[in-house]
Asks: 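One structure is given below, represented as structure tokens, and several questions about it will come after.
Order of listing sets the numbers, starting from 1, for every ligand and every atom in it.
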Amino acid sequence: MTAEPTLKAATEFTNPNLEVLFSQQQISDRIRDLGAEITRDYLEKDLVLVSVLKGSCVFLADLMRAIDLKMTIDFMSVSSYKNELKSTGDVEILKDLSNSIRGKDVLVVEDIIDTGLTLTRLLEILGSRGANSIKLASFLDKPEPRINKALQIDYTGFVVPNKFVVGYGLDAAGRYRNLPFIAVVKDPSRA
Ligand code: 5GP
């Protein structure tokens with residue numbers, strides 16, 4: 001007789017190795033407020049949300065549906081060199097925008113700002129393209145490791161402590177992006 005396969009003790013959503021920092025309800029309440037604020041601020045503007053792949057895709061999907069305006073979206077993908085011994089803050093564009101941002105009011109949508117180096121360089125690149133305005137919305141702000149202290153986040157979802165967080169688009173080695181909440185991995189050796 002063949003043995004029944006052992007059922008996993010928990011699904012990913014109820015994984016006991018995850019400590020929830022922000023619940024699905026807290027996130028949707030916050031996004032509704034952010035969307036209302038952005039709607040008020042961009043009433044007379046030509047808004048384009050620029051999502052930085054991949055981490056911000058979940059935030060973008062929720063945020064855009066909370067903005068009650070005529071608007072468009074576009075995507076960019078960049079790789080930073082922050083894993084090298086000495087961080088240069090330089091980025092390589094892996095995927096550029098599909099459309100021109102000349103004359104547009106750009107709102108860059110990020111998942112999390114940590115050192116701020118990637119975004120600083122990205123804002124410099126976008127800044128040379130003739131946009132009417134460029135602002136930054138980040139779902140999470142992790143201020144402690146910030147190197148560019150002057151980086152201004154115009155719209156912030158939540159401020160997080162200096163811990164590695166996952167979920168709601170954010171990954172650890174490609175995993176956990178599908179979690180509908182933000183969590184800390186309690187024991188990374190069991191991840
Ligand atoms: P920065 O240039 O601000 O240091 O890098 C920001 C990028 O680092 C984010 O877009 C994200 O991909 C990654 N990152 C920074 N902190 C975290 C974190 O706590 N969790 C995850 N999953 N990614 C992070």
Side-chain angles (χ1 to χ4, degrees), residues 12-13 15-24 26-27 30-31 34 48-64 73-97 106-128 134-191:
E12 197 78 312
F13 290 177
N15 184 338
N17 195 26
L18 296 174
E19 179 196 340
V20 177
L21 277 190
F22 302 108
S23 69
Q24 205 168 354
Q26 283 174 296
I27 292 172
R30 183 70 192 116
I31 300 246
L34 276 180
V48 52
L49 297 184
V50 168
S51 162
V52 186
L53 293 170
K54 300 176 185 169
S56 73
C57 68
V58 179
F59 179 39
L60 173 82
D62 282 347
L63 184 65
M64 65 192 277
I73 60 168
D74 210 336
F75 297 92
M76 241 181 141
S77 178
V78 297
S79 80
S80 60
Y81 298 108
K82 64 182 175 171
N83 288 332
E84 289 179 5
L85 279 181
K86 188 164 173 282
S87 175
T88 59
D90 233 358
V91 300
E92 183 189 357
I93 297 178
L94 303 176
K95 186 224 169 290
D96 209 334
L97 298 174
V106 175
L107 184 57
V108 176
V109 177
E110 251 293 21
D111 52 357
I112 184 166
I113 311 286
D114 188 310
T115 64
L117 292 178
T118 312
L119 246 288
T120 301
R121 184 69 193 115
L122 188 64
L123 291 173
E124 276 169 16
I125 293 168
L126 295 178
S128 64
I134 301 182
K135 286 191 173 185
L136 174 58
S138 184
F139 180 61
L140 299 177
D141 175 14
K142 194 195 283 184
E144 217 175 296
R146 189 87 84 252
I147 291 174
N148 179 6
K149 308 272 186 206
L151 182 68
Q152 185 188 337
I153 307 175
D154 302 284
Y155 304 95
T156 303
F158 300 97
V159 176
V160 287
N162 194 10
K163 291 181 176 174
F164 194 80
V165 297
V166 296
Y168 200 70
L170 288 143
D171 73 311
R175 200 172 139 201
Y176 300 123
R177 288 195 201 276
N178 58 319
L179 298 178
F181 48 80
I182 288 286
V184 174
V185 180
K186 289 188 218 166
D187 178 1
S189 71
R190 289 198 294 126

Asks: Can you give me the closest heavy-atom contact between F164 and A172, atom names plus distance?
Replies: CE2-CB, 3.8 Å
Asks: Out of L151, L170, V185, who is nearest to atom 23 (N) of ligand 1 when you count heavy atoms only?
Replies: L170
Asks: Would you list the atom pairs, donor with acceptor, under 3.5 Å between side chains in residues 148-155 and any protein atom, with sequence neighbours excluded?
Replies:
from : atom 1 : to   : atom 2 : distance (Å)
N148 : OD1    : A150 : N      : 3.0
N148 : OD1    : L151 : N      : 3.4
N148 : ND2    : T120 : OG1    : 2.7
K149 : NZ     : R146 : O      : 3.1
Q152 : NE2    : D154 : OD1    : 3.0
D154 : OD2    : L136 : N      : 2.9
Y155 : OH     : D41  : OD2    : 2.6

Asks: Using the benzene-type ring in the case of Trp, are the ring centres of F181 and F22 under 6.0 Å apart?
Replies: no
Asks: Any idea which part of K142 is under 4.0 Å from ligand 1, heavy-atom wise: side chain, backbone, both or neither?
Replies: side chain
Asks: Please list, in number order, the atoms of ligand 1 under 4.0 Å from a heavy atom of K163.
Replies: 19 (O)
Asks: Does R177 have any salt bridge (Lys or Arg N to Asp or Glu O under 4.0 Å) partners at least two apart in sequence or in another chain, and if so, which?
Replies: D171
Asks: Under 4.0 Å, heavy-atom basis, I'd like to know which part of D111 is in contact with ligand 1: side chain, backbone, both or neither.
Replies: side chain
Asks: Are any side-chain N or O atoms of R30 and backbone N or O atoms of T156, one a donor and one an acceptor, separated by less than 3.5 Å?
Replies: yes
Asks: Can you confirm whether L170 sits close enough to L140 that some side-chain heavy atom of one is under 4.5 Å from a side-chain heavy atom of the other?
Replies: yes
Asks: Has K186 got a side-chain atom pairing as donor or acceptor with P16's backbone, closer than 3.5 angstrom?
Replies: yes
Asks: Which atoms of ligand 1 sit under 4.0 Å from any heavy atom of E110?
Replies: 10 (O)
Asks: Using distance alone, decide if ligand 1 has a nitrogen or oxygen within less than 3.5 Å of any nitrogen or oxygen in V165.
Replies: yes
Asks: Using a strict cut-off of 4.0 Å, indicate which atoms of ligand 1 neighbour a heavy atom of G116.
Replies: 1 (P), 2 (O), 3 (O), 4 (O)
Asks: Considering only heavy atoms, which of D171, L122, L117 lies nearest to atom 22 (N) of ligand 1?
Replies: D171
Asks: At a 4.0 Å threshold, what atoms of ligand 1 neighbour a non-hydrogen atom of T118?
Replies: 1 (P), 2 (O), 5 (O)
Asks: For L119, state whether at least one heavy atom is located under 4.0 Å from any atom of ligand 1.
Replies: no
